[in-house]
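Model, not experiment: these values are computed from the prediction.
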Amino acid sequence: MRLIALLLTLAFAALPAQASKVALVIGNGNYTHAGQLPNAVNDATDVANQLIRMGFTVYGGLDMDRGTTLRALDDFSRALRPDTLAVFYYAGHGVQLGAENYLIPVDVDAADEGSLAAASVRLQTVLRTMELRADRRIVILDACRNNPFLEAATAR
């Protein structure tokens, strides 16, 4: 939490007085078909509360499925302007498949890499949205990068 506060303090120093502060915070821990991550929800809650205290408008939520995640990303995207300080914080399962990184929603049930990719959210989608719409961006990923679906398949 202290690192996040330090990063934001440094980012504030370069902000114009009229700049907006917008964040997308997602904490996924209560997975239906993957390992539970109780700290992800707690950490995302703490980060969201800290950002609100610092004057951010916060979008996102806890234990989000793919549709809810995409709607939150859309709301976040519409709030961004060139003078915005945009923050993205994600805690939960994440995987890399080939050259792509994915955020795993809580309801994903994947039998193979193709279905996992199709049911997840590409990290690049979030990053590109921020890049196109906000001049100042901070991305914090607190993701378990082990593939819980691969581990479950190899354990059988």
Side-chain angles (χ1 to χ4, degrees), residues 1-97 100-108 116-117 119-149 151:
M1 186 62 62
R2 289 186 182 132
L3 176 60
I4 293 169
L6 175 62
L7 289 171
L8 295 173
T9 301
L10 293 172
F12 285 153
L15 278 180
Q18 72 279 9
S20 64
K21 298 174 284 197
V22 180
L24 175 61
V25 176
I26 298 172
N28 288 342
N30 190 24
Y31 286 88
T32 307
H33 305 284
Q36 302 295 301
L37 301 172
N39 289 339
V41 170
N42 297 337
D43 293 347
T45 300
D46 289 346
V47 168
N49 289 335
Q50 180 64 32
L51 290 168
I52 290 167
R53 282 191 291 276
M54 297 176 86
F56 279 78
T57 301
V58 177
Y59 297 91
L62 305 173
D63 293 327
M64 298 172 70
D65 61 28
R66 186 174 191 276
T68 306
T69 301
L70 293 174
R71 283 189 294 280
L73 176 59
D74 187 53
D75 292 342
F76 173 69
S77 175
R78 281 187 269 123
L80 299 177
R81 303 285 177 264
D83 68 342
T84 300
L85 170 57
V87 173
F88 173 55
Y89 176 87
Y90 176 79
H93 281 298
V95 296
Q96 181 174 343
L97 303 173
E100 292 285 340
N101 289 285
Y102 295 88
L103 310 174
I104 302 180
V106 296
D107 60 340
V108 170
L116 179 57
S120 298
V121 176
R122 289 180 57 234
L123 174 60
Q124 188 59 35
T125 301
V126 179
L127 300 179
R128 185 72 175 145
T129 296
M130 294 173 72
E131 180 183 341
L132 291 173
R133 296 181 170 259
D135 291 339
R136 293 162 192 85
R137 303 168 295 274
I138 297 174
V139 176
I140 303 166
L141 302 175
D142 185 6
C144 296
R145 289 180 40 93
N146 60 316
N147 184 335
F149 302 100
E151 290 173 2

- Message: Using side chain to side chain contact (heavy atoms under 4.5 Å, CB included), reason through Ser120 and Val108 one step at a time and then give a plain yes or no.
- Response: CA-CA 7 Å; Ser120 298; Val108 170; 4.2 Å; yes

- Message: Would you say Arg133 and Thr84 are linked by a side-chain donor-acceptor pair, where the criterion is simply a distance under 3.5 Å?
- Response: no

- Query: Does the side chain of Leu103 come within less than 4.5 Å of Thr69's, by heavy atoms?
  - Reply: no

- Taking the side chain as every heavy atom from C-beta outward, state whether Tyr102 and Leu116 have any atom pair closer than 4.5 Å. no

- Item | Under 3.5 Å donor-acceptor, Arg137 side chain and Ala86 backbone | no

- Minimum heavy-atom distance Gln36-Asn30, with the two atoms named: OE1-OD1, 2.8 Å

- Query: Between Ser77 (side chain) and Leu73 (backbone), is there a donor-acceptor pair under 3.5 Å?
  - Reply: no

- One should read off an interatomic distance between Tyr89 OH and Asp46 CG, to the nearest 0.5 angstrom, of 8.5 Å

- Heavy atoms of Lys21 and Met54 approach each other most closely as NZ-O, 3.0 Å

- Query: To the nearest 0.5 Å, how far apart are CD in Glu100 and CD in Gln124?
  - Reply: 7.0 Å

- Message: Could you walk me through whether Phe88 and Leu123 satisfy the side chain to side chain contact (heavy atoms under 4.5 Å, CB included) test, starting with their C-alpha distance in whole Å, then the side-chain angles of each, then the deciding distance to 0.1 Å, before giving a yes or no?
- Response: CA-CA 11 Å; Phe88 173 55; Leu123 174 60; 4.0 Å; yes

- For the student: nearest non-hydrogen atoms of Gly94 and Ala143, plus distance: N-CB, 4.1 Å

- Note on the structure: Correct closest heavy-atom pair for Gly29 and Asp63 would be N-OD1, 2.8 Å

- Mind listing the closest non-hydrogen atom pair of Gly27 and Val41 along with its distance? O-CG2, 3.8 Å

- Query: For the atom pair OG1 (Thr125) and CG (Asn101), what is the distance rounded to the nearest 0.5 Å?
  - Reply: 11.5 Å

- For the student: nearest non-hydrogen atoms of Tyr59 and Ala79, plus distance: OH-CB, 3.5 Å

- Item | Those residues that, when tested against Arg128, pass salt bridge (Lys or Arg N to Asp or Glu O under 4.0 Å) (two or more places apart) | Glu131

- Are side-chain heavy atoms of Ile104 and Asn28 found at a separation under 4.5 Å? no

- Test side chain to side chain contact (heavy atoms under 4.5 Å, CB included) applied to Phe76 and Met130, step by step: CA-CA 9 Å; Phe76 173 69; Met130 294 173 72; 3.7 Å; yes

- Which of Thr57, Val22, Val58 passes side chain to side chain contact (heavy atoms under 4.5 Å, CB included) with Leu51? Answer is Val58

- Message: Check whether Asp74 reaches the backbone of Leu70 with its side chain - one donor and one acceptor, N or O, closer than 3.5 Å.
- Response: no

- N/O donor-acceptor pair under 3.5 Å between Tyr31 side chain and His93 backbone: yes

- Do the side chain of Asp65 and the main chain of Pro105 share a donor and acceptor less than 3.5 angstrom apart? no

